[in-house]
Structure formats: C-alpha cells, structure tokens
Amino acid sequence: MTPPSITTKHTFCRICEASCGLEVDVADGRIVDIRPNQSHIGTLGFACLKGLHQHRMYDSPDRLTSPLKKIDGEFQEISWAQANREIGQKVRALKADDPQSIGMYVGTAAGFSLLHPIFAEGFMQGVGSHNIYSSATQDCANKFAAAQEMYGFPFFQPFVDLDNVECLFLVGTNPVVSKWTFLQVAHPVKRLKAVKARGGRVIVIDPRKTETAKIAGEHQFIKPNADVYFFLSFLQEIFARGAVNETVVNQAMSGLDELKTLVQSWPPGQTENLTGISPLELRGLVDAYLAANGAAFVTGTGIGMGGHGTLAHWLAESINAVTGNLDRKGGTLIGEGIFDFPALAQKQGLFNREARSRIGGFRELNGGFPGGILADEITTPGEGQIRAMFVTGGNPLMTMANSARLKSALESLELLVVTDIYLNETASIADYVLPATSPLERYDLPFVFPLFLGMQSIPYLAATEPVVPPSGEQRDEATIYTDLATVSGVNLYDSAFLQWVFRGMKALNGMMGNSGLPQRFILDLILRLSGAPRFKALLDAPGGMLMPATPVGHFLGKKPLTPEHKVQLVTDALREELQALTPTGLPAERPYRLISKRVHATHNSWTQNIEELTHGDDVQTNYVYVHPQDAAALGVVDGDVVDVASETGTIRLPVRCLDTLTPGVVSVPHGWGHQGAAGLSVASRLGGANVNLLASDGLDHIEKISGMVHLTAFRFLLN
Ligand SMILES: Nc1nc2c(c(=O)[nH]1)N[C@H]1C(S)=C(S)[C@@H](COP(=O)(O)OP(=O)(O)OC[C@H]3O[C@@H](n4cnc5c(=O)[nH]c(N)nc54)[C@H](O)[C@@H]3O)O[C@H]1N2
Ligand SMILES: Nc1nc2c(c(=O)[nH]1)N[C@H]1C(S)=C(S)[C@@H](COP(=O)(O)OP(=O)(O)OC[C@H]3O[C@@H](n4cnc5c(=O)[nH]c(N)nc54)[C@H](O)[C@@H]3O)O[C@H]1N2
Ligand code: SF4
Ligand SMILES: [Mo]
C-alpha cells in the first residue's frame, strides 16, 4: 500500500495569546504532525507542547461529532434540526416570559476565535438579555475596570515596549509558563533574555521564585494579596523623591494632587509587615525603576485573582503614568488595531450599557457580569431569575469559584446548552450539547486583542484557512448562533437587517455546495471595511504580514475617552475602594495562603485529555506544593496525601515540597479533577482534584469595581 501523500499547511495556534505560527502536515484529511513555523515574523519559530500536540485532542475519539440530547440521564445523538427546533422553542417561551431568564457564559476558547464571541454576543443581544458572564472575572476584569476608570475605555490596555524597556517589573505573572497574558509575545524566554542582553533588568515580584524569575535573575518575594500595599508604598516613595514627570502629568493627566494625598499614609515602613518587603528592599526597587531610561510594571492574573486586583493594577498603571513611562519608548504603549475600535465602541455605546446585575447591582464590564454571582442569579427566585444557560467555549464547573454550588445551580436550570469540542464536566450535566469545530477546522484571523487593539509586541497580521475539514456534524459557532437566533425567533444584535444578511449568506453558501456561514467571506469583509490587507493577501504571507510599529506619543492628551482626553489618576470608584482598604495581613491563627500555579503541559481545564502530555511527573495529578519548612512543621513528606479544607469544601491531594515558595504559601494548580467527566477518556483516568471547590463565590467574595472573584491567596486548612 502506498503511504498517503503529505501536504504541509500553514496556520496559527488559537489556544493562548502567543498565537504561534504553525506548520502542519496533513495526510488523508488528518493532521499527522505540527511544527513551529520557523519563518514566522511575529512568533519567531516558537510553539509550546500544547500547540504542537493539539491535533491529538482534536482527533480524539472523545471529540463531539453530533448534537447530543440528554434523555433519561443518557446522552443520545440527535440531528441539528431537532436540537435547534427544541432549543428554539424553549428560548421563545422563556423570552416571552422574561428575556433576562436566559443567560450565557463565554469561556476562554471563545476569546481566541474572532467570530465565536461576536456571534454569541449577537445572539444574546437578540434575545434581549444582559445576563452574560465570562471567564474575564476569573482572570483579568481588574485590568478592564482600571482602564475604564483611568482611560475611559476598558480596552485601552498599555503594554510594555519590550524591545526598548530598560527595567521591567513582572508582578503576579509567569510568562515563561503562561507565554504572557494580554499581550501577544511569542517566545517569552528569548524576549526576556534579549532585555537582559541589552543591559536591561527584569525583576519578578511573586510569592514563588518562578520559572520566569529564574530567567530574569532578579526576584522579590511578596506575600500573597499584598501587592496593593507594595504599590502604595512604591508610589509614595516616587512622590517623596519628587520623581514625577510634571510636564507630561500637567498636560495629559488629572488628579495628581489627590493621588499624592491618598498614598501619603502608606510609606514603606507602614507596609513592610503586610508585604514582607523591607523599606530597604522597596527603595532599591524604586531606584532600579527610576534609574532606567524606560521602565514598566506589568501585572498578571496573580494580582487580578487576589482581593484587590483593580486597586493594585490602577496603582501600577499610575506609577507608569506619573513617571512619564506611559506612551513612551521603553515604557508602555497603546496599540492600534486594524480600525479605530475605541471610536466605534464609543459611537455604538458597546461597553456603556446601563444594565445592572440583579444580585449586587454590578455594572456591566465589557458586556458581562461577575461570574461570582452566577449561582445566586440562578437560585434566587424573582423577576430576572436565570432559568436557562448557554455555555460556549468554557468549562465553568472546573474553572469558577465554588464549583459544587455552581453545579447544583446549573443542574436546577430548565435548560442548559453547552457548545464545546468535548463532553467536558459542564457539558456532562447539560440538556443539549452542540459539537463545535476545533480551531484547526475553521477560517480565522487573529483574535480581538491583536486584531482590533494591536496588542502585539511585534505587530503583524495573519489569516488562516481550515487545515482539515470538520468531522461528522461539527459546526462553527458563527453558524451555530445564527441558526439559534433564527429558530428562537430573534435577530442577531436585535437587527432584522443583520439576521436577514447572515441567513442570506448562509443560503448562498449552501447553493455553492458549502455548509454553514461563509466564514472566509465574513472575515474578509471585516478586513475590507477596516481598510486592512485582504484575506487572500494574508494567506499569501504564511509567515505573517508585518504591520507598522506601535506608535509612541499618540495616546496621551488625544485618545483617552475621558473629559478633555486626560488620564484620570483618581476617580470616585477608585478613591472609595482605596479608602475602604484596611491594612490586613496574614492572620496569625491561619498562616497559610493558597495560590495558583500553571504548568507547561496543561491549559486551564482542557488539555489534560491529550495522551502525549500526560506522561510527565507533574501531569499525573495536581499537587499541594508546600515549602519544605512548612512540610517539616506539618510532619508531611513528598507523596503524603493531605486534606485541604476551606469554608466551601475539602479536596485530597498528594504533597510535593517546593523550595521556591515563600514559607506560609501553598500552591495548587487549577483545572484538575476530571474523574467525573462523561467524555474525557484520558483526563478522567488521571488523578487530581478541582481546587475551585475551595474558592468562595457570592457577594462577599467579589471585588467591587471589577467583579473579580478571589482565586488566589485564599485561606484554608491543611490536615
Ligand atoms: N483556581 C484557579 N482557577 C482558575 C484559574 C487559576 O489560575 N486558578 N485561571 C482562570 C483563568 S485565567 C481562566 S481564563 C478561566 C478559564 O475558564 P473557562 O474558559 O471556563 O475554562 P477552560 O478550561 O479554558 O475551558 C475551555 C473550554 O473550551 C473548549 N474548547 C476548546 N476549543 C474550542 C472551540 O474551538 N470551540 C468551543 N466551543 N469550545 C472549545 C474546551 O474543550 C474547554 O472545555 O479559568 C480560571 N480559573
Ligand atoms: N501553560 C499554560 N499557559 C497558559 C494557561 C494555562 O493554563 N497553562 N492559561 C492561559 C490563561 S487563560 C491566562 S489568563 C494566562 C495567565 O497568565 P499569567 O498571568 O502569567 O498567569 P500565571 O502563569 O498563573 O502567573 C501568575 C503568577 O502570579 C503569582 N501569584 C499568585 N498570587 C499572587 C499574589 O498575590 N501576588 C503576586 N505578586 N503574585 C501572585 C503566581 O505564583 C504565578 O507565578 O496564561 C495563559 N497561558
Ligand atoms: S504558546 Fe503554545 S498554546 Fe500558546 S499559542 Fe503558542 S503553541 Fe499555542
Ligand atoms: Mo485566562
């Protein structure tokens, strides 16, 4: 038998921000090998284990290939026509009663595709419900909230000018493992080493001496959830030294005097006990920052998931701003996408809706409410109670706080529809499960951050075709939500015109022998309307098409969507939150704090099902990582099984000593504990437990401004 011929195709990964360029070998419609694209201009020949093995997960017998309906506790395959008809009938009935009774959770996988979130949001707007939740309040809503306050738009997200920065502080982020967050930076190790090779400094501030700290060479321990105090003292010290760039601040910012007053009572001596950072150490860090010709603070999920994520991020941004490092070479930059997204969003009122959540009265942030109130919204009777949920590209039962409570809330719904590539934990309890195409089975452009906001350390554009065709009945989400709108008697974005256009496109595409919406045509239309290079031109540049460098000096005084386009160093909400801050440290009676930890081979809750990535020692189970001193004090050794208990639950996990932790801090990776999943044959054989059984949800455990839930630095007991 002659072996099938191999075709090599180019695409890019859509698992995380890095969006690595890939070279894919295909034989007989199946992917046989994935390699990094060595000649990619933006991703520099880099790709990680997960990206290089992703075809194993897409090719797995566990992949969903048909819509499923739960009948008498068992899933049965049904046709799309039946699934759509039945879901549509239910949505019509609920909507007639109360549109707010229909909710949606949008997960990470949706964020890395361009059309998926656009069409999912369009469906919800058609339904007329503002009950949208997303993974953002588990990772970074604090950054959106701070940007909304300071710059008047949640998506103005300054990012470090990595090619020119002289002193880079990484606080609560571990890019060597996470491959950077928010900003697209491929090959973080290479890029961080380049900063050092030019004589720059990279300083990591983290309760663990992380993989990034090892590359950086400089690391400062900090107690968990104490970053806000660190930043207060840092800023106080900046003011005490008169290190403000008065010219820039006077021209482009408001609130300087008030900010000075607010931080006055937090000198380094005042916060030492809270942070574990001595005044001498803190002043040394301030020296490093001020001595550099271009310095920047970059924060990550480690501070976002703590209790004061918005305050901490606001202060970090304020340090960059008042020292003149915002919008300057070597400091932080604000990207530009293929069109003026902030202007469009402002014109359409996209992120300024008046809606408030029923529970807690939270305002919408990026069109969503805090995930920490979802269970309450489902279980609290009354007008606006959520009775049906759509979950799209996420696995909230594993990734949100208080998983057990959320599970019983989701089980009580009248309708739960999950769109995923797998029968994950959340899908396992659904009424209907809809099979999505994988990223490698659809057309795409880079996702919203790089494409619409220019959040790329090397600006480039790229496009991709499907590398392989979908199997069975899998459909892309744009088509799924257009059809759901049709059967539910609603219009995408509540626009009869848009619904008519998309239905027409689908019909025409069908006449040409294709199924679903013409994704390539729609993506090309976005490019055309933006005046960007066309889809075909991008396909002809498999290594990416270089775009102009991110401009410097274009933001301040011109772009912020605030009065007079000024950066607001203080706002009512920030002032109130800061004034409510009390200097609370770690209570003596319960000295341990639990923090997060990511590992190279897993991505949140969904790559544990890749057989090839389950052989390493740290991927058989998650562990309770404990400092050796603490292990000795507790009388435990490597491999001992312990109970980790919080006010919401208890999990049992093996201990592993880790001397890179600060004593008193324990670390447990999330996304584990798949034993109960109906459709994850590899992951369900592994050990591990879901750490989010320990995290609390509800109003008392949500950060007020951003709605972030606390997934790091929470208290627990070890037995
Ligand atoms: N304790 C703790 N909890 C955490 C974190 C932590 O550090 N510690 N991290 C948090 C963070 S940063 C995040 S972003 C959230 C993530 O929270 P979620 O987004 O809820 O969870 P994921 O595990 O990323 O789930 C992604 C799902 O998308 C599916 N999927 C993959 N590709 C596709 C596709 O193309 N289409 C569709 N429809 N589905 C697809 C996968 O099978 C998987 O089920 O979790 C958070 N939870
Ligand atoms: N391999 C892998 N890569 C991923 C993911 C994954 O699951 N696996 N998830 C992706 C997603 S969805 C996201 S959002 C990004 C997140 O990307 P990052 O924000 O870089 O997330 P982490 O790698 O978890 O780094 C968080 C760091 O914060 C530290 N930390 C915890 N608590 C505190 C604290 O109170 N203060 C300070 N200063 N530090 C603290 C932790 O020790 C850890 O080193 O990663 C993405 N990339
Ligand atoms: S770092 Fe890995 S998971 Fe992220 S885009 Fe690159 S290959 Fe994909
Ligand atoms: Mo995330």
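Note that these values count all heavy atoms, side chains included, but never hydrogens, waters or copies made by symmetry.
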Check this for me: does any side-chain nitrogen of one of [X] and [Y] sit under 4.0 Å from a carboxylate oxygen of the other?
{"X": "Lys69", "Y": "Glu74", "answer": "no"}
{"X": "Asp59", "Y": "Arg63", "answer": "no"}
{"X": "Lys506", "Y": "Asp483", "answer": "yes"}
{"X": "Arg363", "Y": "Glu149", "answer": "yes"}
{"X": "Asp376", "Y": "Arg358", "answer": "no"}

Please tell me if the side chains of [X] and [Y] come closer than 4.5 Å, counting only heavy atoms from C-beta onward.
{"X": "Gln568", "Y": "Thr571", "result": "yes"}
{"X": "Arg442", "Y": "Val467", "result": "no"}
{"X": "Val418", "Y": "Leu434", "result": "no"}

Polar side-chain atom of [X] near backbone of [Y] as donor-acceptor pair, under 3.5 Å:
{"X": "Glu441", "Y": "Ser438", "answer": "yes"}
{"X": "His554", "Y": "Ile334", "answer": "yes"}
{"X": "Asp494", "Y": "Gln125", "answer": "no"}
{"X": "Asn366", "Y": "Gly368", "answer": "no"}
{"X": "Gln157", "Y": "Lys143", "answer": "yes"}
{"X": "Ser428", "Y": "Ala678", "answer": "yes"}
{"X": "Ser19", "Y": "Glu17", "answer": "yes"}
{"X": "Ser412", "Y": "Ala409", "answer": "yes"}
{"X": "Arg14", "Y": "Phe12", "answer": "yes"}
{"X": "Gln474", "Y": "Ser471", "answer": "yes"}

Listing request: all ring pair (Phe, Tyr, Trp, His ring centres under 6.0 Å) pairs with a residue in [range], at least two apart in sequence or in separate chains.
{"range": "residues 66-97", "result": "none"}
{"range": "residues 433-465", "result": "His40-Tyr460, Phe112-Phe447, Phe182-Phe449, Phe339-Phe452, Phe341-Phe452, Phe447-Phe449"}
{"range": "residues 479-510", "result": "Phe119-Phe502, Phe123-Tyr481"}
{"range": "residues 506-533", "result": "none"}

Contacts of Asp572 that satisfy salt bridge (Lys or Arg N to Asp or Glu O under 4.0 Å) - sequence neighbours left out: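 Salt bridge (Lys or Arg N to Asp or Glu O under 4.0 Å) check on Asp572 returns Arg575.
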Using salt bridge (Lys or Arg N to Asp or Glu O under 4.0 Å) as the criterion, list what pairs up with Asp697, not counting sequence neighbours. Arg405
Check [X] against [Y] and note the closest heavy-atom contact, atom names and distance.
{"X": "Asn131", "Y": "Ile102", "result": "CB-O, 3.9 Å"}
{"X": "Pro370", "Y": "Gly707", "result": "CB-O, 3.3 Å"}
{"X": "Leu114", "Y": "Asp444", "result": "N-OD1, 3.3 Å"}
{"X": "Val127", "Y": "Pro99", "result": "O-CB, 3.4 Å"}
{"X": "Leu711", "Y": "Ala401", "result": "CD2-CB, 4.0 Å"}
{"X": "Lys566", "Y": "Pro560", "result": "O-CB, 4.0 Å"}

Apply side chain to side chain donor-acceptor pair (under 3.5 Å) to Thr479 and Asp476, showing your working. CA-CA 6 Å; Thr479 303; Asp476 69 279; 2.7 Å; yes
Sorted by first residue and then second, give each salt bridge (charged side-chain N to carboxylate O under 4.0 Å, His left out) pair with at least one member in residues 381-398; sequence neighbours left out.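 Output for this query lists Asp97-Arg387, Arg387-Glu414.
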Sequence neighbours left out, what pairs pass salt bridge (charged side-chain N to carboxylate O under 4.0 Å, His left out) with at least one residue falling in residues 119-129? Glu121-Arg353
If I take atom [atom1] from residue [X] and atom [atom2] from residue [Y], how far apart are they, to the nearest 0.5 angstrom?
{"X": "Ile71", "Y": "Ile78", "atom1": "CD1", "atom2": "CD1", "result": "7.0 Å"}
{"X": "Phe159", "Y": "Gln456", "atom1": "CZ", "atom2": "CD", "result": "8.0 Å"}
{"X": "Tyr133", "Y": "Gln138", "atom1": "OH", "atom2": "CD", "result": "12.5 Å"}

If we count only N and O atoms by modelled type, under 3.5 Å, do the side chains of [X] and [Y] hold a donor and an acceptor together?
{"X": "Asn395", "Y": "Glu425", "result": "yes"}
{"X": "Thr486", "Y": "Gln499", "result": "yes"}
{"X": "Thr310", "Y": "Glu703", "result": "yes"}
{"X": "Asp62", "Y": "Asn609", "result": "yes"}
{"X": "Thr392", "Y": "His116", "result": "yes"}

Could you pull out all residues at least two apart from [X] that satisfy side-chain hydrogen bond (donor to acceptor under 3.5 Å, both in side chains)?
{"X": "Arg85", "value": "none"}
{"X": "Ser357", "value": "none"}
{"X": "Ser134", "value": "none"}
{"X": "Arg356", "value": "none"}

Can you list the steps and then say if Phe390 with Tyr105 is a ring pair (Phe, Tyr, Trp, His ring centres under 6.0 Å)? CA-CA 6 Å; Phe390 288 82; Tyr105 172 83; over 10 Å; no
Should Asp540 and Lys536 be marked as a salt bridge (Lys or Arg N to Asp or Glu O under 4.0 Å) after you check the CA-CA gap, both sets of side-chain angles, and the distance that decides it? CA-CA 6 Å; Asp540 289 343; Lys536 165 84 171 61; 2.8 Å; yes
